[in-house]
Amino acid sequence: MEWAIELGQQTVWMALLLSAPILLAGLAIGLLCGVAQTLTQVHDPSLSLAPRILGVGIVVLVGLPWLFERLLDFSRDVLSQAPTLTGGG
C-alpha cells in the first residue's frame, strides 16, 4: 500500500513540475497585461487574451523537448517498477 501512496505523490509532483512553466507564463503575461490595461485605462478582455495565448504557445513550443524528456523518464521509472510493485519480480 505504501507504493501506491508514493506513486501518487510522484505523479502529482510530476504533474506540477510539467504544468508550472506554462501556468507561470500565463500568470506573468496576464499580470503584465492587467497592469498595462490599468495604466492606459483600456479594459478590453481580448487585449489580455491574445498575448496570453501567444506567450503560452511559445513557452510550450520552447519547453516541449524538456517536457517530453521529463515525462518519458517518469514513465520509464514507473514501468520499470511495475513488476516489483505487483509482486511479480
Side-chain angles (χ1 to χ4, degrees):
M1 191 62 158
E2 275 183 35
W3 61 267
I5 294 172
E6 185 178 335
L7 181 62
Q9 288 174 342
Q10 289 176 354
T11 304
V12 169
W13 176 251
M14 186 57 57
L16 288 172
L17 184 68
L18 295 177
S19 65
I22 299 165
L23 294 175
L24 289 175
L27 178 70
I29 293 169
L31 183 64
L32 290 174
C33 288
V35 168
Q37 284 181 343
T38 301
L39 292 175
T40 60
Q41 296 182 355
V42 176
H43 297 287
D44 188 14
S46 63
L47 290 178
S48 68
L49 183 64
R52 208 176 315 165
I53 290 174
L54 184 65
V56 167
I58 290 171
V59 168
V60 168
L61 288 176
V62 169
L64 207 56
W66 179 80
L67 293 170
F68 276 140
E69 183 180 336
R70 295 286 164 243
L71 190 58
L72 285 174
D73 288 345
F74 178 72
S75 299
R76 282 187 198 116
D77 288 344
V78 169
L79 291 175
S80 68
Q81 293 174 4
T84 60
L85 298 177
T86 58

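Nothing fancy with the numbering, it's 1 onward along the sequence.
- Counted within 6.0 Å of CD on Glu6, heavy atoms from surrounding residues, nucleotides or ligands total 12 or fewer; the atom is thus considered open.
- Residues meeting the side-chain hydrogen bond (donor to acceptor under 3.5 Å, both in side chains) test with Asp77, sequence neighbours left out: none.
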Side-chain atoms of residues 21-37: list all donor-acceptor pairs with protein atoms under 3.5 Å, sequence neighbours left out, distances to 0.1 Å.
residue: Gln37; atom: NE2; partner: Asp44; partner atom: O; Å: 2.9

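- Both Leu71 and Leu17 are assigned to one and the same hydrophobic cluster, defined by single-linkage of ILVMFWY side chains at heavy-atom distances under 4.5 Å.
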Using residues 59-68 as the side-chain source, report each donor-acceptor pair under 3.5 Å to any protein atom, sequence neighbours left out, with the distance given to one decimal.
none

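- Taken to the nearest 0.5 Å, the OG atom of Ser48 stands 11.0 Å off from the NE2 atom of His43.
- Within the model, atoms CD of Gln9 and CE of Met14 stand 13.5 Å from one another, a figure rounded to the nearest 0.5 Å.
- Follow the hydrophobic side-chain contacts under 4.5 Å out from Leu18 and you never reach Ile58; the two are in separate clusters.
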